[in-house]
Amino acid sequence: MIERPIMITGRNGQLGSCLSDVAALRGLPAVALGREELDLEVRDGIDRTVASIAPCIIINAAAYTAVDQAESEVGKAFSINRDSAAALADVAWQRNIPFVHVSTDYVFDGAKREAYDEADVPAPLNTYGASKLAGEAAVLAAHPLATVVRSSWIYSSTGSNFVRTMLRLAETRPIVRVVCDQHGSPTSAADLAVALLQIAERSLTDDRRIAAGIFHVAGQGTTSWHGFAEAIFEGLSRRGGRPPVLEAITTEQYPSAARRPVNSRLDSSKAESVFGIRLPAWRHSLETCLDQLVGGGDTDAEGNRPGWRQRNAALPDHTCGQQTVAARL
């Protein structure tokens, strides 16, 4: 029975939000913090906040995730993804608090033909990946018993992500062009949140050395961004929506500030072996997300489901012409 709260950073992000929701559903005490309550770039504030909450464990879901923008904001990316993460891990270590840190598939360069496991040597292609890799090293140096969880292509029914952007484009574009030669494992933020909380509970009940180190946790199965978009639009069509025409393009046809790995598939077998964690197939979890976003029921005169426009009206534009976000997220 967990009595002291789980401290979650990154409350306003899609993963932080899902962590809060899942913790509440499971009856786990949790305190989720956004930048308003905890500025991770202010070290004294971190120590005071952790002391006031007295958490049983910290899950760090806060990160700088603007992949292209990071190329022109190198200092900010490293400040948040490396320095702030290390500062939080150090406070946790000094107070003997277990620490779980979330990282990314973009620490790899994509040269490997198979899925990446934890023993593979990282070689990030962009600033975002480099800052996250530096963060992993800094976290483990500050907190030798920390758990670092790499995941990939995270999406949910809230926030800014590939699924929501594709659904938005279905309303505004007759043609959507998506990169077809980058492959990875789409991961539901809700599924990942469940896994992170399972890891947290194990860290509190088992020998903490078992959970120490790096683990890959991603949705089962792989696809390309184009294949992901195709599945989204097929799901939209089954729910009465009108999908756009989907066209495949190559990475070369989509210029972007940051390079992306052509293969960032993650092998999650270590997490399954150690924690018994195996996320659902990505297509299954996508259907759950689409049920939340698109829902069921009758369509209006234009073929749209009631509430869809309202739920997505405030989503920011991630597009550049018609060949959009596939390489941006």
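Side chains are part of it too, since the values below use all heavy atoms of this structure and drop only hydrogens, waters and symmetry mates.
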- request: Name all residues meeting the side-chain contact (heavy atoms from CB on, under 4.5 Å) criterion together with A193; count only those two or more places apart in sequence or in a different chain, and write none if there are none.
  value: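 Result, side-chain contact (heavy atoms from CB on, under 4.5 Å) vs A193: L15, C18, L19, V22.
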Taking the hydrophobic residues Ile, Leu, Val, Met, Phe, Trp and Tyr, and joining any pair whose side-chain heavy atoms are under 4.5 Å apart, which ones share a cluster with [X]?
X	answer
Y64	I80
L25	none
V74	F78
Y116	V107, F108, L133, L266

message: How long is the straight-line distance from CD1 of I214 back to OG of S103, given to the nearest 0.5 Å?
response: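 Result: 7.5 Å between the selected atoms.
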- prompt: How long is the span from the CG atom in D68 to the CD atom in E73, to the nearest 0.5 Å?
  reply: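 Here the rounded value is 11.5 Å.
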query: Can you get from V100 to L140 by hopping between Ile, Leu, Val, Met, Phe, Trp and Tyr side chains that sit under 4.5 Å apart?
result: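 Hydrophobic grouping puts V100 apart from L140.
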message: Is the distance between the ring centroids of W153 and F162 under 6.0 Å?
response: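 Centroid separation for F162 and W153: 6.0 Å or greater.
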List for me each residue that meets side-chain hydrogen bond (donor to acceptor under 3.5 Å, both in side chains) alongside [X], sequence neighbours excluded, and say none if there are none.
X	value
R4	none
T250	Q253
H143	none
S285	D191

field: Pair K270 + E118: basic N to acidic O under 4.0 Å
entry: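 Between E118 and K270 there is no salt bridge, as every charged N stays at least 4.0 Å from the carboxylate O atoms.
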- prompt: Are the side chain of T165 and the backbone of N161 linked by a donor-acceptor contact shorter than 3.5 Å?
  reply: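 Looks like yes, one N/O pair under 3.5 Å.
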field: N/O donor-acceptor pair under 3.5 Å between E71 side chain and T127 backbone
entry: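 Checked: pair present.
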- request: Go through L125 and Y106 one step at a time and tell me if the side chain to side chain contact (heavy atoms under 4.5 Å, CB included) criterion holds.
  value: CA-CA 8 Å; L125 297 177; Y106 276 17; over 6 Å; no
query: With no hydrogens and no angle check, do the side chains of R265 and H183 hold a donor and an acceptor under 3.5 Å apart?
result: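 Absent: no donor and acceptor within the cut-off.
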query: Which residues satisfy the salt bridge (Lys or Arg N to Asp or Glu O under 4.0 Å) test with E36, sequence neighbours excluded?
result: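 Salt bridge (Lys or Arg N to Asp or Glu O under 4.0 Å) list for E36, sorted by chain: R11.
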query: Of all residues at least two apart in sequence or in a different chain, which pass the salt bridge (Lys or Arg N to Asp or Glu O under 4.0 Å) check with E272?
result: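 Once residues adjacent in sequence are excluded, the partners of E272 under the salt bridge (Lys or Arg N to Asp or Glu O under 4.0 Å) criterion are R278.
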Throw together a table of side-chain donor-acceptor distances under 3.5 angstrom for residues 50-62, partners on residues two or more places apart or in other chains.
from : atom 1 : to   : atom 2 : distance (Å)
S52  : OG     : R48  : O      : 3.4
S52  : OG     : T49  : O      : 2.8
N60  : OD1    : T9   : OG1    : 2.5
N60  : OD1    : A62  : N      : 3.4
N60  : ND2    : H101 : ND1    : 3.1

